[in-house]
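Okay, structure first, notes after.
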Amino acid sequence: MTDILQTHSLNDNQLKAVLNDDKPMIIFAGAGSGKTRVLAYRMKHLIELGVEPRSILAITFTNKSAKEMKRRVSEFAQNESPVVGTFHALCARILRENADIIGYSSHFVIFDSGDQKVMIKRIIKEMDISTSMYNPSKLISTFSKYVREMINIDDIDQFTLRQKNMIKIFRKYKADKLQSDGMDFDDLISNVVLLFTNNPDILQKYQERYRHLFVDEFQDTNAIQYKLLSLLSKKYRSICVVGDDDQSIYRFRGADIRNIDRFLIDFKDATVFKLDQNYRSTKSILMLASDVIKKNFHKTKKQLWTDNVKGDPVKFLRTATDRDEAYKVLSIIKKEHNNGVKFSDIAVFYRTNSQSRIIEMQLAGEVPYMIVKGHRFYDRKEIKDIVSYMQLVQNGESNVCFERIVNVPSRKIGKKTIELLKIAADKNGLSLFDAIGVLMQQKKVSGLLSFYKLIKEAKGIDNVVNLFNFIITKSGYVDMLKNKGDTVSENRLANIEELRNAVIEHSKKEDSSLEVFLDGAALTDDSDDATDDNVNLMTLHASKGLEFPIVIIVGADDGIIPHSNALIDQDQMQEERRLFYVGITRAEKRLYILSSEIRMMAGMMHGYKVSRFVAKQFKENKYFLGDHKWK
DNA sequence: GTCAATGTCATTTTT
DNA sequence: TGACATTGAC
């Protein structure tokens with residue numbers, strides 16, 4: 001305690017939160033108020049009081065914040081440190097230790113959203129249902145909702161006919177997953193909840209293991225995640241959650257802000273803390289942020305303030321077309337850079353991914369840039385293919401992986417052969433892979449046979465690096481790309497090299513098993529911290545948790561932000577406003593907000609009004625610095 | 001079984 | 001506009 005007091009300057013509220021008793025507590029932490037710091041110091045404090053570091057569990061939503069938290073924690077916990085991880089990583093770990101109890105093997109594979117889509121599509125086809133009525137992506141999000149809100153699908157009476165049909169598909173999907181020995185992201189959470197609910201002894205084991213809970217971005221938890229938290233914290237009630245209702249932007253994915261109320265009811269004795277001093281932004285920026293967000297409904301009054309300088313006024317610029325807007329982005333970047341700002345200190349935010357193209361076109365060749373979170377590394381085709389090979393080696397039951405790669409590179413195995421395989425598999429209750437043996441007795445298919453041998457041989461390799469090398473060469477994958485020889489293929493080869501590095505890195509770890517590697521591949525984004533000096537382009541969603549000296553927000557138009565689909569719905573409108581608020585509060589020094597009269601959307605020219613969120617500011621030119629010399 | 005030509009549809013998406 | 005999926009021709 002004395003250590004914390006002497007070495008670090010925490011403000012009053014921060015210090016109180018850090019030193020609070022080991023009881024339930026909730027911290028309302030405004031944007032830029034130093035919450036990560038508070039969490040880290042609080043852990044440090046607990047450890048100094050004699051708490052075992054490894055009995056502290058800090059749960060985050062993103063790998064990015066987990067990483068940041070780990071970094072902070074490592075500053076004071078050298079030998080032994082608290083456990084930091086995402087909800088999903090934590091659950092995967094628990095399930096690997098207990099999967100047999102809920103009917104899976106400990107080698108279960110993790111299906112990502114791409115795998116889900118493939119499975120759902122196949123089911124729809126098998127059940128002969130028209131995809132126009134039941135769109136796969138919609139189904140996936142509905143199913144996700146069933147799981148995350150713990151909806152009882154056996155309660156038939158409450159559903160419409162359409163819903164009943166969807167539930168049929170859902171059941172089949174569930175059965176397929178179990179048969180393939182795989183879980184999707186939602187399953188990871190719900191299966192742990194199931195495990196804990198049905199097995200009090202196991203729950204107790206984990207309650208003992210993780211006696212002290214910390215939860216970041218609490219406003220983004222959904223119902224089942226809350227359930228998990230309440231199970232884990234039930235015994236020792238040492239739980240510290242941090243959140244900001246103004247930064248809740250994932251309602252559409254099930255984040256339920258009412259969890260804050262639930263928490264306050266379930267933990268009546270919880271102490272409430274508010275961090276309202278902002279250390280990030282200038283007064284001008286913060287003033288705009290407050291102006292925007294105050295139109296939302298608020299449960300708790302919280303007024304962010306700062307001791308920082310007033311700084312430059314926020315600049316509002318209305319252009320004629322989206323091309324002009326993009327050009328303006330370029331000229332702002334150039335101007336800032338000429339004044340000594342690093343490219344990597346500049347960020348451009350937009351509402352939808354499609355808006356990035358026109359900006360990229362303007363920046364290309366003029367200014368270095370990178371798109372943050374465009375494509376996840378592990379989502380790239382070639383990476384998914386190779387990982388699928390590895391998954392199949394790990395777990396022959398996984399039909400999704402099988403179908404993905406059985407004919408990549410081409411082994412002359414087409415629809416017909418797969419159909420035959422499926423029939424053989426169904427008849428004998430086998431996986432597609434194991435059904436090869438049966439099919440071979442009736443009909444010889446040389447491609448299948450060599451594939452079968454390939455995987456069998458691979459199963460005998462127990463070192464991940466050797467396995468990886470075996471797969472990429474013996475499968476013919478690398479040769480296939482080399483033979484194509486175009487730039488796309490060269491790129492893919494480079495990505496495979498990158499994957500090789502990841503495999504090699506993994507092999508140096510304490511637990512270098514294939515499973516752990518594959519868990520990482522499914523659950524981790526590999527976006528290494530950019531070391532190059534690039535301008536950062538990203539969606540407003542992706543900007544959460546980040547900060548940049550210079551921020552440019554484009555598309556401040558009604559119908560863009562707020563998005564056209566949100567115009568009629570009050571709740572969605574509030575979420576759009578929070579999203580915009582998140583974008584604004586990322587800025588440290590200077591903020592530019594751009595809007596355009598006309599822009600090309602979905603192949604058509606559209607006229608737009610200035611976003612209602614800042615229409616007043618545009619009109620009054622309140623923060624406007626005239627600057628019309630561009631074209 | 002593979003490939004090119006048409007049709008269709010366009011939010012956000014921590015894992 | 002352009003990404004992507006499904007269809008139809010070889």
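Protein chains get the first letters and strands the later ones, always in sequence-line order, with residue 1 at the start of each.
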Fill in: A:V242 to A:Q219 - nearest heavy-atom pair and separation
O-OE1, 4.3 Å
Discussion item. Side-chain N or O of A:S410 versus OP1/OP2 of B:dG1: is the shortest distance under 4.0 Å?
Written reply: no
Item to complete: Taking A:Q355 for its side chain and A:T352 for its backbone only, find out whether a donor-acceptor pair lies under 3.5 Å.
Response: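 The answer is yes, because a donor-acceptor pair under 3.5 Å joins these two groups.
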Fill in: Secondary-structure notation, DNA chain B, from Watson-Crick and G-U pairs under 3.5 angstrom (| other strand)
||||||||||.....
Worksheet item: Is any NZ, NE, NH1 or NH2 atom of the basic residue among A:E575 and A:R578 found under 4.0 Å from an Asp or Glu carboxylate oxygen of the other?
Response: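 Counted as a salt bridge, because a side-chain N and a carboxylate O are separated by less than 4.0 Å.
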Worksheet entry | Carboxylate-amine/guanidinium proximity below 4.0 Å for A:E217 and A:K35 | yes
Could you grab the distance from atom [atom1] of [X] to atom [atom2] of [Y], nearest 0.5 Å is fine?
X: A:E97; Y: A:Y206; atom1: CD; atom2: OH; result: 3.5 Å
X: A:C91; Y: A:N191; atom1: SG; atom2: CG; result: 9.0 Å
X: A:D519; Y: A:L514; atom1: CG; atom2: CG; result: 9.5 Å

Discussion item. I'd like the P distance from B:dT13 over to C:dC4, given in whole Å.
Written reply: 15 Å
Item to complete: Provide the distance between the two P atoms, one in C:dA5 and one in B:dT12, to the nearest whole Å.
Response: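 Comparing P positions in C:dA5 and B:dT12 gives a spacing of 16 Å.
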Discussion item. Does either side chain, that of A:N296 or that of A:R577, offer a donor lying less than 3.5 Å from an acceptor on the other one?
Written reply: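 A donor-acceptor contact under 3.5 Å links the two side chains.
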Discussion item. Categorize A:I413 for me: base, sugar-phosphate, or nothing, with a 4.0 angstrom heavy-atom threshold over every strand shown.
Written reply: sugar-phosphate
Worksheet item: Under the rule syn = chi within 90° of 0, otherwise anti, which is B:dT11?
Response: syn
Response to the item:
In 5'-to-3' order, the base (B), backbone-only (S) or no-contact (-) status of each nucleotide in nucleotides 5-15 of chain B, using a 4.0 angstrom heavy-atom cut-off, is -----BBBBBB
